[in-house]
Amino acid sequence: MFIIKLSFSLAQNLDHSETESKAKRFMPAHLDWLQRGYDNGVFLVSGSLQPELGGGIIAHKITREGLDKLLQEDPFVKEHIVTPEIIEIVPSKADERLTFLLD
């Protein structure tokens, strides 16, 4: 299982307002990419990091290599709007509602 932190980048010397503007332009494509992750059973949860720091995703049933490839397909990553950071968790215990994560 993975936790992915997508931090807004200040790449290409863009200030915060330029990054925001670019994010708005690519948001529909980013949301389509997210939906594909849900449709494929990889993404469990996604949402915004507050206050306006980027986004986060919890993913499972994918290898690290597969996740790296999937992240490179995200328009936000491609356009340097966000920088991904990946944390891998090997679950050993879970609330009974989440035992499917132990497989």
Side-chain angles (χ1 to χ4, degrees):
M1 180 169 59
F2 300 93
I3 296 173
I4 304 111
K5 179 181 176 189
L6 300 171
S7 301
F8 281 123
S9 303
L10 293 178
Q12 303 173 351
N13 298 320
L14 300 178
D15 66 26
H16 182 71
S17 65
E18 290 172 314
T19 299
E20 249 181 37
S21 174
K22 195 172 182 184
K24 285 179 184 176
R25 282 197 324 269
F26 286 93
M27 183 60 78
H30 173 70
L31 292 176
D32 288 344
W33 172 83
L34 277 172
Q35 188 58 54
R36 284 192 306 276
Y38 282 104
D39 292 345
N40 292 332
V42 173
F43 295 160
L44 296 171
V45 176
S46 61
S48 298
L49 300 177
Q50 298 302 314
E52 297 183 15
L53 299 173
I57 302 168
I58 297 177
H60 76 141
K61 293 189 177 183
I62 191 168
T63 64
R64 173 61 192 256
E65 294 78 21
L67 181 59
D68 288 337
K69 182 179 177 192
L70 182 61
L71 285 169
Q72 293 309 310
E73 296 170 3
D74 178 3
F76 274 19
V77 173
K78 281 183 183 178
E79 295 296 325
H80 307 287
I81 296 165
V82 297
T83 301
E85 177 185 347
I86 301 169
I87 300 167
E88 183 171 2
I89 299 173
V90 178
S92 59
K93 186 173 181 172
D95 179 280
E96 64 182 42
R97 294 168 291 176
L98 300 174
T99 56
F100 69 93
L101 294 173
L102 300 176
D103 296 335

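Both backbone and side-chain heavy atoms feed into the values below; hydrogens, waters and symmetry mates do not.
F2 and V45 sit in two unconnected hydrophobic clusters of ILVMFWY residues. Membership requires side-chain heavy atoms under 4.5 Å apart, directly or through other members. Residues I3 and I62 do not share a hydrophobic cluster, clusters being chains of Ile/Leu/Val/Met/Phe/Trp/Tyr side chains in contact below 4.5 Å. By the rule that hydrophobic residues join a cluster once side-chain heavy atoms approach within less than 4.5 Å of another member, Y38 and I58 end up as members of separate clusters.
Interatomic distance, CZ of F26 versus NZ of K78, reported as 10.0 Å (0.5 Å rounding). Here the CE atom belonging to M27 is positioned 6.0 Å from the NE2 atom belonging to H30, to the nearest 0.5 angstrom. Taking CZ of F76 as the reference point, atom CG of L34 lies at 8.5 Å (rounded to 0.5 Å). Remark: D74 CG to W33 CH2 distance equals 4.0 Å, nearest 0.5 Å. Taken to the nearest 0.5 Å, the CD1 atom of I57 stands 4.5 Å off from the CZ atom of F43. Remark: L71 CG to L6 CG distance equals 6.5 Å, nearest 0.5 Å.
Nearest approach of L102 to S92, heavy atoms of both residues: CD2-C, 3.8 Å. Across V42 and K61, no two heavy atoms sit closer than the pair CG2-O, 4.3 Å. Between R25 and P28, the shortest heavy-atom contact is O-CD, 3.8 Å.
A donor-acceptor pair under 3.5 Å links the side-chain atoms of K22 to the main chain of E79, judged by distance alone. Between the side chain of D95 and the main chain of R97, a donor-acceptor pair closer than 3.5 Å is present.
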Original post:
What do the steps show when you test D68 against T63 for side-chain contact (heavy atoms from CB on, under 4.5 Å), and what is the final call?
Top reply: CA-CA 9 Å; D68 288 337; T63 64; over 6 Å; no
**OP:** Could you walk me through whether I89 and M1 pass the side-chain contact (heavy atoms from CB on, under 4.5 Å) test, one step at a time?
**Re:** CA-CA 5 Å; I89 299 173; M1 180 169 59; 4.2 Å; yes
Subject >> side-chain contact (heavy atoms from CB on, under 4.5 Å) evaluation trace for L101 with L44 >> reply: CA-CA 10 Å; L101 294 173; L44 296 171; 3.4 Å; yes
Original post:
So E65 and K69, side-chain contact (heavy atoms from CB on, under 4.5 Å) or not? Walk me through it.
Top reply: CA-CA 6 Å; E65 294 78 21; K69 182 179 177 192; over 6 Å; no
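Evaluation of the salt bridge (Lys or Arg N to Asp or Glu O under 4.0 Å) rule for D39 yields no partner, not counting sequence neighbours. With sequence neighbours left out, K5 forms a side chain to side chain contact (heavy atoms under 4.5 Å, CB included) with S7, L49, E85.
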